[in-house]
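Numbering starts at 1 and runs along the sequence shown.
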Amino acid sequence: MAWIFLFLAGILEIAWAFAMKESQGFTRLVPTLIMLGAMVASFGLLSLSMRTLPLGTSYMIWTGIGAVGAFVVGVWFLGEAVSVQRIIAAFLIVAGIFTMKLA
């Protein structure tokens with residue numbers, strides 16, 4: 001169950017990061033409320049996963065899912081630039097996540 005909680009926490013991290021961007025500096029109410037709700041839920045699920053998973057593993061995977069997910073959302077939905085360096089960086093984050101999971 002801990003891995004499921006951790007995965008969902010990472011997905012919610014992507015959601016709150018996107019909502020934060022959409023809030024335009026907390027000037028739009030609905031995205032700001034979505035951000036706050038997703039943030040609370042993400043932290044809650046991360047906390048539940050840490051009951052059984054090591055801190056370093058949990059935190060690295062949570063931030064990795066969020067970082068790579070935010071990159072993908074930025075490219076697909078916000079039209080952010082794609083470059084070879086950004087793709088390599090995202091790949092290295094994913095490689096680190098898999099390596100940590102195997103460890």
Looking only at heavy atoms, what is the nearest atom pair of Val94 and Val68, with distance? CG2-CG2, 3.9 Å
Over all atoms of both residues, closest heavy-atom pair of Ile93 and Ala67: CD1-CB, 4.3 Å
Taking Phe91 as the starting point, is it possible to reach Val73 by hopping between hydrophobic residues whose side chains are less than 4.5 Å apart? no
How far does CZ of Phe7 sit from CG of Leu45, to the nearest 0.5 angstrom? 12.0 Å
The reported gap from CE in Met35 to CZ in Phe18 (rounded to nearest 0.5 angstrom) is 14.0 Å
Is Phe77 linked to Phe71 within one hydrophobic cluster, defined over Ile, Leu, Val, Met, Phe, Trp and Tyr using a side-chain heavy-atom separation of less than 4.5 Å? yes
Quick one: side-chain contact (heavy atoms from CB on, under 4.5 Å) partners of Met60, sequence neighbours excluded? Met100
Closest non-hydrogen atoms of Leu12 and Ser42, given as atom of the first, atom of the second and distance, are CB-CB, 3.7 Å
When every non-hydrogen atom of Ile65 is compared with those of Ile97, the smallest separation belongs to N-CD1, 3.7 Å
Ala19 and Ile34 have their tightest heavy-atom pair at CB-CG2, 3.9 Å
Linked, directly or transitively: Ile11 and Val72 (ILVMFWY side chains, under 4.5 Å): yes
Distance col, row Ile61:CD1 vs Phe98:CZ, nearest 0.5 angstrom, shows 9.5 Å
Roughly how far, to the nearest 0.5 Å, is CG of Leu48 from CD1 of Ile4? 12.5 Å
Treating Ile, Leu, Val, Met, Phe, Trp and Tyr as nodes and any side-chain heavy-atom pair under 4.5 angstrom as an edge, say whether Val30 and Leu36 lie in one connected cluster. no
Check side-chain contact (heavy atoms from CB on, under 4.5 Å) between Ile88 and all other residues, then give those that pass, not counting sequence neighbours. Val84, Leu92
Run the side-chain contact (heavy atoms from CB on, under 4.5 Å) test against Leu46 and tell me which residues pass, sequence neighbours left out. Leu6, Ala9, Ser49, Met50, Ser58, Trp62
Under the 4.5 Å side-chain heavy-atom rule for ILVMFWY, direct or indirect, which residues accompany Leu102? none
Could you pull out all residues at least two apart from Ser83 that satisfy side-chain contact (heavy atoms from CB on, under 4.5 Å)? Gln85, Arg86
Sorted by first residue and then second, give each side chain to side chain donor-acceptor pair (under 3.5 Å) pair with at least one member in residues 10-39; sequence neighbours left out. none
